[in-house]
Asks: 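Structure below; questions to follow.
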Amino acid sequence: MRGRVYFPFLAFVLVSSSVFSVVALSKSNHKFLDKIVSRADETVKSIESIFHKKIVNDSNAAQPKQWAVLVAGSNGYYNYRHQADICHAYQVLRHHGIPADNIITLMYDDIANSTENPTKGIIINEPNGEDVYNGVRKDYVGKDVTPETFLKVISGDIRGLKGVGSGRVLLSGPSDHIFINFVDHGAPGLLAFPNAELHARPFLDTLLDMYQRKQFAKLVLYIEACESGSMFEDLLPDNLNIFVTTAANAHEHSFACYFDSNRDTYLGDVYSVTWMQDSEKEDLTKETLFRQYSIVRKETNTSHVQEYGDLSIGKLKVGEFQGKAKAPVASNGRTRVSPLLDAVPSGDVPLAILRHKLRRTNSSPESAEIQRKLRGIEKKRQHLKDTLRKIVLKATEDEAKTEFILTGRLKLTNFSCYEELVNAFSQRCFHLPKNEYAYRHLFVLVNMCQSSIPKEVIIRSMDEVCQPRKYTGII
């Protein structure tokens, strides 16, 4: 603003000085008068030119920058699809012109070069797909992929990440657009990370802080996780300039897809590959976020894709968040396979992988080994369910109430109770990141909190029933 005031004022002073000088001159000296007027005119034009450039520069400075944070929150080869989704998302953004310096990626990075991967150094996200791993800039890997790292990245906490990974954080400002894509397991009111969980309240508190500190003009979140709607339903206000879509509602699975018999794993997730394939074929300078949401919701008929927050942002173009450049055709002329053909609930992936192997084998010893693994998984899962039943029965001392808590689905509103119980269950009974099947049964803890059973009674029941760390690998 100072520059805009200064230049007109300078022009006024110079022109005024010239006029007063001219008046003082003899009216007969026309040649000298003409020269003075001519020079004054040139001076004004020069100043106007400088002023015009200043306005143009100010206008360019106001153009929103585009930032992205991509997170794969799991590890383990059977979770291949989560890192494949995020690597693919990275390629989509880069092909549409988002600079690599504006994309921050968190992924465990144990898939591409896993001993189980027959194509070392290569990750694909669809049948016969292109390598999506090549060129991905990985900022935080392994033990650095945590809820704390993620929250510090998006909040711009450079000091808090000094000496951690690349140390890069969002450096966005009040006119910028942010795109966040998270892929992993989920449960009521939480998203899973390799060694911990991100609960809804601290996540939403961070988003609110970002809004209040004017770290963005608009922010868009795409979340791929079971029960992902529970992170935002009746929690995210509609006045924070944040638009969210989730793969599932508050109480259902998201779905894996594209089983690959060579790699013996699922390559993608239905919601994720659907939005990315849409972004690869559409003109993102014309397609709106709501249009993409509508397409993904229609084509993802395995779960109920949801939207939350400020829905008016849906009128903006997808390119405002995923990049405006025209991307090359990704499929190279090949016909893409529908992700719905072999879709399975995310929580059933470990069993589905083994069943695929069992159908394919002609070896009796191998068949027997696969069946042994299947029985082992089922046995561990049953042990977890039996443990939960004992905890609930001991806490309620009521068979009918126990049955309701084990089968009902109450809405989570008592977050303080639930967060404490989740932490207690993970510490005393089954460490959640190492027993991913347990995420599917955390609704039981929700039901106990919502049934007004004192949390002290529930934790005491856990202490009496559980045998800490007896089982791991309940998947």
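In this text, all values refer to a predicted model and were calculated from it rather than measured experimentally.
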Asks: May I ask you to check whether Tyr77 and Tyr80 place their ring centers less than 6.0 Å from one another?
Replies: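 Here the rings of Tyr80 and Tyr77 have centres that are less than 6.0 Å from each other.
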Asks: Shortest non-hydrogen contact from Ser254 to Cys226?
Replies: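 What the structure gives for the nearest pair is N-SG, 3.4 Å.
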Asks: Go through the side-chain N and O atoms of Thr149 and Thr146 and say whether any donor and acceptor fall under 3.5 Å apart.
Replies: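 Judged by distance alone, the side chains do pair up.
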Asks: So for atom NE2, which belongs to His304, do other residues, nucleotides or ligands contribute more than 12 heavy atoms lying within a distance under 6.0 Å?
Replies: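 No.
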Asks: Test your reading of the model: is there a side-chain donor-acceptor pair from Asn447 to the backbone of Leu410, 3.5 Å cut-off?
Replies: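 Yes; at least one donor-acceptor contact below 3.5 Å.
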Asks: Do other residues, nucleotides or ligands put more than 12 heavy atoms under 6.0 Å from the CZ atom of Arg291?
Replies: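 Result for CZ/Arg291: open.
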Asks: From the options Asp110, Asn75, Thr105, select the one residue that forms a side-chain hydrogen bond (donor to acceptor under 3.5 Å, both in side chains) with Gln83.
Replies: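 It is Asp110, the one option of Asp110, Asn75, Thr105 that forms the side-chain hydrogen bond (donor to acceptor under 3.5 Å, both in side chains) with Gln83.
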Asks: Crowded around Arg159 CZ? As in, over 12 foreign heavy atoms under 6.0 Å?
Replies: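 Result for CZ/Arg159: open.
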Asks: Counting only heavy atoms not in Lys411, do more than 12 fall under 6.0 Å of its NZ?
Replies: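 Counting other residues, nucleotides and ligands, NZ of Lys411 exceeds 12 neighbours.
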Asks: Would Trp67 and Phe179 count as a close aromatic pair, with their ring centres under 6.0 Å?
Replies: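 Ring centroids of Trp67 and Phe179 are no less than 6.0 Å from each other.
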Asks: Can a side-chain donor-acceptor contact be found between Ser279 and Gln322 if the only test is distance below 3.5 angstrom?
Replies: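 The criterion, which ignores hydrogens and geometry beyond distance, is satisfied for Ser279 and Gln322.
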Asks: I need the Phe321 CZ to Tyr222 OH distance, nearest 0.5 Å.
Replies: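 Separation between the atoms: 9.0 Å.
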Asks: Measure across Tyr140 and Val145 and return the closest heavy-atom pair with its distance rounded to 0.1 Å.
Replies: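 Closest pair (atom of Tyr140, atom of Val145, distance): O-CG2, 3.4 Å.
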Asks: Under 4.0 Å between a Lys/Arg side-chain N and an Asp/Glu carboxylate O for Lys394 and Glu464?
Replies: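 Result for this pair is yes, salt bridge flagged.
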Asks: Are there more than 12 heavy atoms of other residues, nucleotides or ligands under 6.0 Å from atom NZ of Lys380?
Replies: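 Yes, because the 6.0 Å sphere around NZ of Lys380 holds more than 12 heavy atoms from other groups.
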Asks: Sort out for me which residue in Arg94, Lys65, Arg137 forms a salt bridge (charged side-chain N to carboxylate O under 4.0 Å, His left out) with Asp101.
Replies: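 For Asp101, the salt bridge (charged side-chain N to carboxylate O under 4.0 Å, His left out) check succeeds only for Arg137.
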Asks: For Val92, is there any backbone N or O sitting under 3.5 Å from a side-chain donor or acceptor partner on His96?
Replies: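 Such a contact is found between His96 side chain and Val92 backbone.
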Asks: Do Asp260 and Arg263 meet the salt-bridge criterion of a basic N to acidic O distance under 4.0 Å?
Replies: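 So Arg263 pairs with Asp260 through a salt bridge.
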Asks: Looking at the rings of Phe255 and Tyr271, which for Trp means the six-membered one, are their centres under 6.0 Å apart?
Replies: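 Ring-ring flag for Phe255/Tyr271: false, centres at least 6.0 Å apart.
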Asks: Would you kindly say whether Asp85 and Asn125 are connected by a side-chain donor-acceptor distance under 3.5 Å?
Replies: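 There is such a pair between these side chains.
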Asks: Counting only heavy atoms not in Asp386 (residues, nucleotides, ligands), do more than 12 fall under 6.0 Å from its CG?
Replies: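 Above 12, so yes.
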Asks: Is there a donor-acceptor contact under 3.5 Å linking the side chains of Thr245 and Arg297?
Replies: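 There is no such pair (donor and acceptor under 3.5 Å, judged by atom type) between the side chains of Thr245 and Arg297.
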Asks: How about Phe193 and Phe182: are their ring centres within less than 6.0 Å of each other?
Replies: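 Ring centres of Phe182 and Phe193 closer than 6.0 Å.
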Asks: Tell me if a side-chain donor or acceptor on Tyr418 pairs with a main-chain N or O of Gly189 at a distance below 3.5 Å.
Replies: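 Answer holds: no.
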Asks: Look at the aromatic rings of Phe425 and Phe430 and report parallel, tilted or perpendicular, splitting at 30° and 60°.
Replies: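 If you compare the ring of Phe425 with that of Phe430, the planes turn out tilted.
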Asks: Is the closest side-chain donor-acceptor distance between Tyr78 and Glu436 under 3.5 Å?
Replies: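 The criterion, which ignores hydrogens and geometry beyond distance, is satisfied for Glu436 and Tyr78.
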Asks: Determine, step by step, whether His185 and Glu224 satisfy the side chain to side chain donor-acceptor pair (under 3.5 Å) criterion, reporting the C-alpha distance in whole Å, the side-chain angles of both residues, the deciding distance to 0.1 Å, and the verdict.
Replies: CA-CA 8 Å; His185 299 289; Glu224 171 80 63; over 6 Å; no
Asks: Classify the angle between the aromatic ring planes of Phe216 and Tyr211 as parallel (below 30°), tilted (30 to 60°) or perpendicular (above 60°).
Replies: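 Ring orientation, 0 to 90° scale: tilted.
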Asks: So, Thr206 versus Ser155: side-chain donor-acceptor pair below 3.5 Å or not?
Replies: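 There is no such pair between these side chains.
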Asks: We want to know whether Ser416 and Glu420 form a side-chain donor-acceptor pair, criterion being a heavy-atom distance below 3.5 angstrom.
Replies: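 The answer is no; no qualifying pair exists.
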Asks: Quiz question: by atom type and distance under 3.5 Å, do the side chains of Gln292 and Asp278 form a donor-acceptor pair?
Replies: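 Per modelled atom types, Gln292 and Asp278 side chains form a pair under 3.5 Å.
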Asks: Can you see which heavy atom on Val337 is nearest to which on Tyr258, and at what distance?
Replies: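 Heavy atoms only, the tightest pair is O-OH, 2.5 Å.
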Asks: Quick one: does any side-chain atom of Glu252 pair with a main-chain N or O of Glu227 as donor and acceptor, under 3.5 Å?
Replies: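 No, because the side chain of Glu252 does not come within donor-acceptor range (under 3.5 Å) of the backbone of Glu227.
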Asks: Near Lys120 NZ, under 6.0 Å, is it more than 12 heavy atoms from other residues, nucleotides or ligands?
Replies: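 For Lys120, atom NZ is crowded (more than 12 foreign heavy atoms under 6.0 Å).
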Asks: Under 4.0 Å between a side-chain nitrogen and a carboxylate oxygen: does that hold for Asp144 and Lys138?
Replies: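 No, no charged N to carboxylate O under 4.0 Å.
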Asks: Please check this pair: side chain of Asp348 against backbone of Leu351, looking for a donor-acceptor N/O pair closer than 3.5 Å.
Replies: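 No, the answer is negative, given that no donor and acceptor are paired below the 3.5 Å cut-off.
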Asks: Any side-chain donor paired with an acceptor under 3.5 Å for Thr361 and Glu366?
Replies: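 Side-chain D/A pair, Thr361 to Glu366: present.
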Asks: Applying side chain to side chain contact (heavy atoms under 4.5 Å, CB included), run through Leu191 and Met231 and close with a yes or a no.
Replies: CA-CA 8 Å; Leu191 298 173; Met231 293 291 290; 3.9 Å; yes
Asks: Under a 4.0 Å N-O cut-off, is there an ion pair linking Lys357 with Glu369?
Replies: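 Answer for the salt bridge query: no.
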Asks: Check whether Arg168 reaches the backbone of Asp139 with its side chain - one donor and one acceptor, N or O, closer than 3.5 Å.
Replies: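 Not confirmed, Arg168 side chain does not pair with Asp139 backbone.
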Asks: When you compare the side chains of Ser74 and His82, does any donor N or O come within less than 3.5 Å of an acceptor on the partner?
Replies: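 Checked: Ser74/His82 side chains pair up, N/O donor to acceptor below 3.5 Å.
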Asks: Is it the case that the side chains of Thr119 and Asn117 hold a donor-acceptor pair, with the cut-off being a distance below 3.5 Å and no angle test?
Replies: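 A donor-acceptor contact under 3.5 Å links the two side chains.
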